[in-house]
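So the structure is just underneath, and the comments pick up after that.
Hydrogens, waters and symmetry mates play no part in the numbers below; they use all other heavy atoms, side chains included. In the text below, chain A, chain B and the rest are named by the order of the sequence lines, each starting its count at 1.
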2 protein chains.
Amino acid sequence: MEHQEFQFFGGRASERGSWDWELLANGLPLQDYRPGQLIYLQGSQATHFYYISSGRIKSYLTSQDGAERILTVYRQGEILGEASFFDGQPRVSSATALTKCRIAAIDREHCDRTLRQNPQLSMSMIRYLAMTVRQLSTHVDDTAFLRADQRIARLLLALAEEDGVTVHCTHEFLGGAAGVSRVTVSRVLGQFQKCGMIHLGYGSIRLLEPKALERLF
Amino acid sequence: MEHQEFQFFGGRASERGSWDWELLANGLPLQDYRPGQLIYLQGSQATHFYYISSGRIKSYLTSQDGAERILTVYRQGEILGEASFFDGQPRVSSATALTKCRIAAIDREHCDRTLRQNPQLSMSMIRYLAMTVRQLSTHVDDTAFLRADQRIARLLLALAEEDGVTVHCTHEFLGGAAGVSRVTVSRVLGQFQKCGMIHLGYGSIRLLEPKALERLF
DNA sequence: CTCAAATTGTAACATAGTTTACATTCTTTT
DNA sequence: AAAAGAATGTAAACTATGTTACAATTTGAG
């Protein structure tokens with residue numbers, strides 16, 4: 001029970017390293033992406049899905065007035081965009097590179113052939129999608145039932161799970177991922193710091209008392 | 001583009017009839033469930049998933065203080081509980097029968113054998129899970145960016161998609177599905193009625209002007 | 001080194017939606 | 001037919017968060 005339910009988002013932690021998608025990307029050229037570069041856009045048709053050879057990518061929803069809700073942060077060795085690819089409907093989310101990335105784009109012909117030649121990959125894909133369903137359900141659960149401070153606490157713990165005790169991100173980012181405003185993030189983090197649970201830097205947060213954060217819910 | 005994006009919840013409309021899971025349940029005994037009977041419980045281990053031969057089932061999340069958030073209404077011919085089954089983690093949601101149901105419980109041994117004998121079923125499962133990912137993403141999108149009245153309008157349209165112009169459910173139910181309180185549902189529906197968009201009965205809502213409801217967002 | 005841009009802190013104010021409470025209406029049971 | 005239970009309508013008080021605004025700090029670019 002090291003990290004228990006903390007697959008809130010970003011959280012593919014529970015399965016990190018247990019996927020082997022290199023086979024899927026085998027033989028495909030890697031493309032370079034710069035930070036901030038768009039990979040796919042909400043509403044577009046899904047002709048490919050993507051394998052991350054290196055770098056980090058966020059997927060997110062955008063409201064009509066431009067607000068952004070982050071769904072997942074994908075990392076090296078993971079795939080993204082496979083759901084819209086398989087169900088044939090337009091993309092529900094967008095994805096952009098958070099860092100420099102090297103990405104392979106997998107098209108339908110390549111995917112079909114590789115799955116046919118490696119039947120065990122189908123089962124991996126089923127498990128991967130099942131994990132994504134779990135993560136999104138947890139997302140709904142959290143936003144439905146937790147207060148702002150609780151969601152922010154969960155998020156910090158989930159990010160620390162991946163990055164270590166010092167999490168590097170802005171309050172703006174945390175707001176987008178937890179579904180609260182930047183101002184609320186700053187206020188809540190200020191309180192956390194006052195209680196000695198965290199230490200705030202510029203663009204970074206060091207978790208001092210993770211146990212205390214867990215006790216918030 | 002008859003129903004466009006309205007897979008909000010309950011909404012498997014976009015794919016209705018396009019699944020053929022009978023093969024998966026073939027040879028398994030059907031069990032009878034009464035309305036209100038529990039099928040599986042949040043937090044429990046997933047040893048089976050389920051095929052609905054007849055009846056309707058809701059899946060939902062429960063908060064610590066007992067509040068309920070409905071995720072999906074499943075119907076005849078659909079399967080449920082497959083995500084936790086495949087990813088091997090405890091159930092994130094519960095499921096109970098809404099009506100009398102006949103259900104087949106599919107265990108791991110039976111599932112493995114059937115998928116091995118019918119390789120095309122794996123691809124169906126991938127498409128089904130992909131559709132579920134889409135639905136949950138839409139769920140997150142709606143609760144993140146829409147007001148109470150907009151979510152209720154969407155929900156009514158989605159339900160009408162399945163049940164016809166007269167939707168049979170309580171305000172309590174709508175609240176659970178849209179993520180708002182019963183009181184808010186009653187207030188919003190009252191306004192909709194005053195505008196002539198709907199007609200309210202006892203346990204039923206007739207949509208008079210669906211177009212007007214769509215214009216709300 | 002300087003200036004512009006990004007990030008953070010904080011306060012006042014606005015508000016959508018919850019909670020609580022109670023009356024009313026409809027349905028089912030006896 | 002009466003009584004009990006469900007479902008609905010509506011109002012008042014409350015609250016968590018968003019919004020707006022602006023100052024202070026840190027970083028990065030030229």
If you only use heavy atoms from C-beta on, which nucleotide in D:dA7, D:dG18, C:dT10 is closest to the side chain of B:Thr170?
D:dA7
Which residues pass the side chain to side chain donor-acceptor pair (under 3.5 Å) test with A:Asp149, sequence neighbours left out?
A:Arg147
Rounded to the nearest angstrom, tell me the gap between atom CD in B:Gln193 and atom C1' in D:dA7.
15 Å
Rounded to whole Å, the CG-C1' distance (B:Leu146 to C:dA16) equals 14 Å
Taking atom P of C:dT19 as reference, at what distance in whole Å does atom CD of B:Glu172 sit?
11 Å
Should A:His171 be listed as having a side-chain N or O under 4.0 Å from OP1 or OP2 of C:dT7?
no
Identify whether any heavy atom of B:Leu200 sits under 4.0 Å from a base atom; if not, whether one sits that close to sugar-phosphate; answer base, sugar-phosphate or nothing.
sugar-phosphate
Decide whether B:Thr138 and B:Arg134 meet the rule of one side-chain donor and one side-chain acceptor closer than 3.5 Å.
no
Mind checking side chain to side chain donor-acceptor pair (under 3.5 Å) for B:Ser63 and listing every partner two or more places apart, or none if nothing turns up?
B:Asp65
Please say whether more than 12 non-hydrogen atoms of neighbouring residues, nucleotides or ligands are located less than 6.0 Å from CD in B:Glu22.
no
For the pair made of CD in A:Gln191 and C1' in D:dA16, what is the distance, rounded to whole Å?
12 Å
Step through the shown structure and confirm whether more than 12 heavy atoms of other residues, nucleotides or ligands are within 6.0 Å of CD on B:Gln191.
yes
Under-4.0 Å salt bridge between B:Arg215 and B:Glu209
no
With sequence neighbours excluded, tell me which residues meet ring pair (Phe, Tyr, Trp, His ring centres under 6.0 Å) with B:Phe86.
B:Phe49
Check the distance between D:dG9's P and B:His199's NE2 and give it to me in whole angstrom.
10 Å
Who are the side chain to side chain donor-acceptor pair (under 3.5 Å) partners of B:Asp32, not counting sequence neighbours?
B:Arg102
Counting heavy atoms not belonging to B:Glu172, are there more than 12 under 6.0 Å from its CD?
no
Would you kindly give the CD1-to-C1' distance between A:Ile205 and C:dG9, to the nearest whole Å?
14 Å
The bend of the helix from C:dC1-D:dG30 to C:dT30-D:dA1, taken between the axes of its five terminal pairs at each end and rounded to 10°, is 40°
A:Leu174 atom CG is separated from C:dT7 atom P, nearest whole Å, by 12 Å
Within the 4.0 Å heavy-atom criterion, would you say A:Gly190 contacts the bases, only the backbone, or no part of the nucleic acid?
nothing
Expressed in angstrom and rounded to an integer, what is the separation of A:Arg147 atom CZ from D:dT17 atom P?
7 Å
For A:Arg187 and for B:Ser204, find the nucleotide of DNA chain D with the closest heavy atom, then tell me which residue's nucleotide is more 5'.
B:Ser204
Mark up nucleotides 19-30 of chain D, 5' to 3', with B wherever a protein heavy atom is under 4.0 angstrom from a base atom, S wherever such an atom reaches only the sugar-phosphate, and - elsewhere.
BB-----BS---
